[in-house]
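This report refers to the structure that appears directly beneath it.
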Amino acid sequence: MKAALLHIEAILFANEGGLALQDILHVANHAFDEVISKNELIGYLDQIKEKYEAEEHIFSLHVFNGHYQFLTKEEYHPTLQHLEAYKDNRKLSQAALETLSIIAYRQPITKLEIEEIRGVNCDYSVQKLLEKNLIQIQGKAETVGKPILYGTSQQFMNHFGLKDVSELPQLKDLVTAENSIGEAEE
């Protein structure tokens, strides 16, 4: 049953972590009209494992602690490390920095609140900050629609050498005479 084999492959491919045999069996048996036995599933998994051991594939099927997972083959790890280093070293855009500042000082905060402060859409900036793990989802607001609340992550704290957000510079400390307009009143 080639269709079952492809569906099992899709289940494994779509899952970010490993899946136990009983989990794969449960999902597969709910997806098909006929029931697959544990032995049939093991046979399919062996076929998938053998397929991806071929040289033309960049990943293979591994079993860790009884969990099946696709992983990139070891010879490609140096290339992926360069990719991660590249992604980590890219500078944030001005929009992303502004969004990060708003989140840091007003957390937890919704995307709509950020957009009200900035006056523009911030979908892209929020996504980039999430990808760089500088912000994280902190839950949902208890308002209509239950929007997602964002806050800074531990990586943000580590990057800026902060123990907690109370160590952020106060806004009054950032205002200097050169940033003011007009003359000071006496």
Side-chain angles (χ1 to χ4, degrees), residues 9-20 23-24 27 52 56-62 64-65 67-181:
E9 191 175 325
I11 291 166
L12 292 167
F13 187 76
N15 192 57
E16 289 182 20
L19 278 172
D23 295 332
I24 300 167
V27 173
Y52 285 98
E56 69 264 11
H57 297 287
I58 61 161
F59 53 86
S60 56
L61 184 61
H62 292 268
F64 295 107
N65 200 22
H67 288 72
Y68 291 81
Q69 181 177 10
F70 279 121
L71 295 173
T72 308
K73 291 180 179 174
E74 196 170 328
E75 59 262 30
Y76 300 104
H77 289 183
T79 303
L80 297 178
Q81 288 172 339
H82 286 288
L83 173 64
E84 286 303 311
Y86 171 75
K87 286 173 26 180
D88 287 343
N89 288 331
R90 289 186 308 196
K91 292 183 178 180
L92 291 175
S93 66
Q94 184 65 34
L97 284 171
E98 290 172 8
T99 302
L100 182 59
S101 297
I102 292 166
I103 293 169
Y105 281 98
R106 301 283 299 268
Q107 62 186 309
I109 187 169
T110 66
K111 192 167 65 65
L112 179 62
E113 292 169 325
I114 298 166
E115 290 171 348
E116 286 174 351
I117 293 169
R118 289 201 62 236
V120 295
N121 184 300
C122 66
D123 288 340
Y124 184 78
S125 295
V126 168
Q127 185 60 40
K128 286 297 167 198
L129 294 170
L130 285 167
E131 286 174 11
K132 289 184 171 285
N133 200 24
L134 292 171
I135 63 170
Q136 63 188 9
I137 295 172
Q138 293 190 337
K140 295 193 174 211
E142 293 298 323
T143 59
V144 176
K146 301 226 181 247
I148 295 173
L149 291 168
Y150 297 97
T152 54
S153 66
Q154 188 59 48
Q155 186 166 327
F156 169 86
M157 299 301 206
N158 294 344
H159 182 79
F160 290 101
L162 304 171
K163 291 180 185 144
D164 68 41
V165 290
S166 66
E167 293 184 347
L168 283 168
Q170 297 303 306
L171 293 177
K172 64 178 174 61
D173 297 337
L174 299 176
V175 176
T176 62
E178 33 190 75
N179 287 337
S180 61
I181 297 174

Decide yes or no for N15 and Q69: does some side-chain heavy atom of the first lie under 4.5 Å from some side-chain heavy atom of the second?
no
Check this for me: H159, atom NE2, are more than 12 non-hydrogen atoms of other residues, nucleotides or ligands nearer than 6.0 Å?
no
Counting only pairs under 3.5 Å, give me each side-chain donor-acceptor contact of residues 138-150, with atom names and distances, residues two or more places apart or in other chains.
residue, atom, partner, partner atom, Å
E142, OE1, K146, NZ, 3.0

Using every non-hydrogen atom in the two residues, find where L71 and H62 come nearest and quote the distance to one decimal.
CB-CD2, 3.7 Å
With a 4.0 Å cut-off, would you call E98 and R118 a salt bridge?
yes
If you compare all heavy atoms of E167 against all heavy atoms of L162, which two are closest, and at what distance to 0.1 Å?
OE1-CA, 3.3 Å
How many angstroms lie between SG in C122 and CD1 in I103, if you round to the nearest 0.5 Å?
7.0 Å
Heavy atoms from other residues, nucleotides or ligands near OH of Y76 exceed 12 (cutoff 6.0 Å):
yes
Non-hydrogen atoms of D123 and K111 that approach each other most closely
OD1-NZ, 2.6 Å
So do F156 and I135 actually touch side chain to side chain, heavy atoms under 4.5 Å?
no
Aromatic ring pairing F59/F13, orientation class (parallel under 30°, perpendicular over 60°, tilted between)
tilted
Return the CG to CG distance between L97 and L92, rounded to the nearest 0.5 Å.
5.0 Å
Distance from L12 atom CG to Y68 atom OH, nearest 0.5 Å?
9.0 Å
Is there side-chain contact between E84 and Q81, with at least one heavy-atom pair below 4.5 Å?
no
With a sphere of 6.0 Å drawn around CD of E16, does it hold more than 12 non-hydrogen atoms of other residues, nucleotides or ligands?
no
Kindly check if the number of other-residue, nucleotide or ligand heavy atoms within 6.0 Å of CD (E75) is above 12?
yes
Separation between NE2 (H67) and CG (D23), nearest 0.5 Å, reads 6.5 Å
Side-chain contact, heavy-atom cut-off 4.5 Å: K73 with Y52?
no
